[in-house]
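Accompanying notes for the structure given below.
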Amino acid sequence: MNTESTAVLDEHNGIAFPCADHEDASLGSVSPDVSAELGPALLTPYRFSEEREHEHKGFEGIVGTSAALMEVLDLVRTVAPTDSTVLIEGETGTGKELIAAAIHAHSRRRDRPFVKLNCAAIPLGLLESELFGHERGAFTGAVARKVGRFEAADRGTLFLDEIGDIPLELQAKLLRVLQDGEFERLGSNQTQRVDVRLVAATNGDLLKLVSEKRFRGDLYYRLNIFPIPVPALRDRAEDIPLLVRHFVTKYAARMEKRIDEIPLKAITVLSDHPWPGNIRELQNFIERSVILTTGKTLRPPLEGLRRASESESLEAVTLEEAERDHICKTLKKTNGVVAGSRGAAARLGMKRSTLYYYMQRLGISRSKNSRSTCENRPNRRIDQQN
């Protein structure tokens with residue numbers, strides 16, 4: 001067996017699982033959507049070298065060797081020893097909370113509390129109390145004093161996920177505690193002081209919210225001291241086989257199953273899938289696959305995955321919508337620039353005037369600062385000035 005092939009690291013146990021091709025008549029039958037002729041990938045445990053284990057220390061749960069992921073981990077190592085505020089940006093399901101935990105684990109505050117709060121999961125009327133606490137009788141139902149997340153995280157790290165969902169009226173109070181370390185509980189006029197390192201995360205465009213007057217500009221720049229962009233899973237597809245083996249091992253152990261092989265066809269299909277829900281979607285799919293598996297070979301429901309992918313690709317795809325989508329993507333790549341050798345018209349192989357015609361017909365607007373926006377409203381007029 002080839003033990004030099006790519007492997008996945010189980011951080012908790014320090015065990016790695018390499019992938020090797022082999023033929024084994026004892027594998028038995030597999031599900032109809034898995035090609036038996038391709039053979040399985042064998043999972044054989046062995047330990048990484050001490051150097052490799054040290055390299056991943058403090059990054060529990062983060063699996064992968066892609067350049068995109070390594071860049072993120074380098075940024076984590078750089079900013080973690082400081083007390084600077086960090087803004088983690090990325091799509092839903094990309095593992096932003098794991099990055100926040102890694103920042104805390106590599107910081108001087110690692111022995112102090114790591115407190116988490118998803119701002120989108122708390123009703124707006126209760127969010128201030130969750131963040132800053134309240135006194136008894138501060139509002140109906142406040143039968144006792146409550147310590148907020150900032151107090152709970154004193155001398156530690158506070159992770160605020162979906163920070164763009166914090167209402168404007170609370171943003172000023174948040175800015176004050178970030179700048180001065182001071183706040184008051186609801187129903188109290190006594191100032192509390194805390195020493196908290198804030199790590200925030202968002203899956204949206206905070207700068208766009210600032211332009212729409214839905215997020216304070218001064219708070220945005222206070223949060224954006226050290227941004228860390230987390231790549232989508234489709235941008236680090238080479239990590240998918242490692243993640244698959246990691247989750248198979250995790251859920252097989254949890255369900256007290258022994259799964260020794262993953263079909264090569266499954267690895268190929270999973271690596272090619274776009275995973276719009278990112279790692280969270282992949283993780284849930286693997287959990288379902290482990291549940292469905294009765295033998296030692298993983299039986300992932302690949303046909304269902306293909307149908308879901310085909311349904312997404314066929315959804316509302318008319319010729320006009322396909323043209324519009326292609327032009328929008330090209331304009332995004334050129335930052336809205338239409339003319340010139342590096343403009344969208346040149347990339348699309350058409351004259352500038354022709355592209356303007358298509359933009360007008362398809363309802364793609366172009367603002368005065370030469371950046372384009374793709375509106376949902378059709379037949380919108382555009383500004384054709386250079």
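FYI, side chains are in, hydrogens and waters are out, and symmetry mates aren't considered; it's all heavy atoms of this structure.
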Keeping [X] on the side-chain end and [Y] on the backbone end, is there a donor-acceptor pair under 3.5 Å?
X: R236; Y: L233; result: no
X: H106; Y: A102; result: yes
X: Q283; Y: F247; result: no

Does [X] have any salt bridge (Lys or Arg N to Asp or Glu O under 4.0 Å) partners at least two apart in sequence or in another chain, and if so, which?
X: R234; answer: E91
X: R145; answer: E135
X: R193; answer: E182

Linked, directly or transitively: V86 and V115 (ILVMFWY side chains, under 4.5 Å):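 No; tracing contacts between hydrophobic side chains, which count when under 4.5 Å, never links both residues.
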Return yes if a side-chain donor-acceptor contact under 3.5 Å exists between N203 and T92, otherwise no.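 Checked: N203/T92 side chains pair up, N/O donor to acceptor below 3.5 Å.
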If you measure only the distance, is there a donor-acceptor pair under 3.5 Å linking the side chains of T85 and R222? yes
Taking all atoms of both residues into account, what is the closest heavy-atom pair of [X] and [Y], and its distance?
X: D239; Y: T65; answer: OD1-N, 2.8 Å
X: T293; Y: K257; answer: O-NZ, 2.7 Å
X: T82; Y: T78; answer: CG2-O, 4.3 Å

R254: what forms a side chain to side chain donor-acceptor pair (under 3.5 Å) with it, not counting sequence neighbours?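 By the side chain to side chain donor-acceptor pair (under 3.5 Å) rule, R254 matches no residue at all.
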By side chain to side chain contact (heavy atoms under 4.5 Å, CB included), E151 pairs with (sequence neighbours left out) V147, F183, R185, Q192, V194
Can you confirm whether more than 12 heavy atoms, excluding those of D74, are under 6.0 Å from its CG atom? yes
Considering residues, nucleotides and ligands other than Q190, do more than 12 of their heavy atoms fall under 6.0 Å from its CD?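 No, because the 6.0 Å sphere around CD of Q190 holds 12 heavy atoms or fewer from other groups.
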Trace of the salt bridge (charged side-chain N to carboxylate O under 4.0 Å, His left out) decision for E184 with R176: CA-CA 11 Å; E184 289 81 34; R176 180 190 173 203; 2.8 Å; yes
Determine, stepwise, if the pair E130 / K146 fulfils salt bridge (charged side-chain N to carboxylate O under 4.0 Å, His left out). CA-CA 8 Å; E130 285 293 328; K146 175 184 173 65; 3.7 Å; yes
When the side chains of residues 154-163 are checked against the rest of the protein, which donor-acceptor pairs come out under 3.5 Å, sequence neighbours left out?
unit_1	atom_1	unit_2	atom_2	d
D154	OD1	D195	N	2.8
T157	OG1	H104	ND1	2.8

